[in-house]
Amino acid sequence: MENFNELNLSAPILKAITEMGFEKPSEIQAAALPVLLGEPTDFIGLAATGTGKTAAFSIPLLERLDVEIKSVQTLVLCPTRELAIQVSEQIELIGRFLKIGGVRALPVYGGSSFGDQIGGLKRGAQVVVGTPGRVVDHLKRGTLSLENVKTVVLDEADEMISMGFKEDLEFILAAIPEGQSKTWL
Ligand code: AMP
């Protein structure tokens, strides 16, 4: 695939990625985007860091959001706080023209105050990007609802499993109403 224009992206997303200097889809983007932009489906993609995998899932998850609704519609789980911050920043950059003030992608990770994160969740975020342990803590405290989640992204799922997050992931996935969401690994 030579050009992002072939993908029928919405104008605000195309404008954002053009301003970010993305000229043509990377290999993982050319493989994943046509599938993830189509009918809702589960998906497994394999790509190393630095290959554009973040945008490969961020573009379609943004295209699926109802930006007028402030509830959490997408949950991205990452193994580390650094990755959670990086991914949330990229989602906000790609989504910044979708709505006045932009789409909100809130990073939620351990080692940072609950108060700030709860404030962010109360103000409303369409996307939460979290590390598994902290997402479990918010679910147990009742400060995060996954009632409206339609897309779950497990970024570096293999890494999360080898770090011992399997039980946390199962707990989190069980908090999403059955049959309502698609999972992208
Ligand atoms: P990632 O593999 O997601 O960590 O992305 C690595 C870097 O490549 C990030 O800085 C992205 O902003 C950038 N990037 C992602 N997709 C493209 C693209 N199609 N063209 C140019 N740069 C890109």
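Source: prediction; values computed, not measured. Hydrogens, waters and symmetry mates are skipped; everything else that's a heavy atom, side chains included, is used. Ligands are counted one by one from 1 in listed order, and the atoms in each one are counted from 1 as well.
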Engineer: I need the nearest protein heavy-atom contact for atom 21 (C) of ligand 1: residue, atom name and distance, please.
Structural biologist: Phe22 CD1, 3.7 Å

Engineer: For ligand 1, note which part of Phe57 has a heavy atom under 4.0 Å away: side chain, backbone, both or neither.
Structural biologist: neither

Engineer: For ligand 1, which atoms, with element, lie under 4.0 Å from some heavy atom of Phe4?
Structural biologist: 19 (N)

Engineer: Thinking salt bridges, do Lys166 and Glu170 make one under a 4.0 Å N-O criterion?
Structural biologist: yes

Engineer: Within the structure, is a non-hydrogen atom of Met20 found at a distance of less than 4.0 Å from ligand 1?
Structural biologist: no

Engineer: Tell me whether Leu121 shares a hydrophobic cluster with Leu77, the cluster being built from Ile, Leu, Val, Met, Phe, Trp, Tyr side chains joined at under 4.5 Å.
Structural biologist: yes

Engineer: Quick one: does Gly52 get an N or O within less than 3.5 Å of an N or O on ligand 1?
Structural biologist: yes

Engineer: Please state which protein non-hydrogen atom is closest to atom 6 (C) of ligand 1 and give its distance, to 0.1 Å?
Structural biologist: Gly50 CA, 3.8 Å

Engineer: Between Gln86 and Thr54, does any side-chain donor sit less than 3.5 Å from a side-chain acceptor?
Structural biologist: no

Engineer: Arg134 side chain to Ser112 main-chain N or O, any donor-acceptor pair under 3.5 Å?
Structural biologist: yes

Engineer: Identify, for atom 10 (O) of ligand 1, the protein heavy atom at the shortest distance, and state residue, atom and that distance.
Structural biologist: Gln90 NE2, 4.9 Å

Engineer: Identify the protein heavy atom lying closest to atom 3 (O) of ligand 1, giving its residue, its atom name and the separation to 0.1 Å.
Structural biologist: Thr54 OG1, 2.6 Å

Engineer: Of all heavy-atom pairs between His138 and Thr143, which one has the smallest distance, and what is that distance?
Structural biologist: ND1-OG1, 2.8 Å

Engineer: Checking Gln29 side chain against Lys53 main chain: does a donor-acceptor pair fall under 3.5 Å?
Structural biologist: no

Engineer: With a sphere of 6.0 Å drawn around CD of Gln180, does it hold more than 12 non-hydrogen atoms of other residues, nucleotides or ligands?
Structural biologist: yes

Engineer: In ligand 1, which numbered atoms sit nearer than 4.0 Å to a non-hydrogen atom of Lys24?
Structural biologist: 18 (C), 19 (N), 20 (N)

Engineer: Yes or no on side chain to side chain contact (heavy atoms under 4.5 Å, CB included) for Arg96 and Glu19, after CA distance, side-chain angles and deciding distance?
Structural biologist: CA-CA 11 Å; Arg96 71 193 188 282; Glu19 286 193 7; 2.9 Å; yes

Engineer: Give me the residue, atom name and distance of the protein heavy atom closest to atom 16 (N) of ligand 1.
Structural biologist: Gln29 NE2, 2.8 Å

Engineer: Thr51 heavy atoms, cut-off 4.0 Å: which ligand 1 atoms fall inside?
Structural biologist: 2 (O)

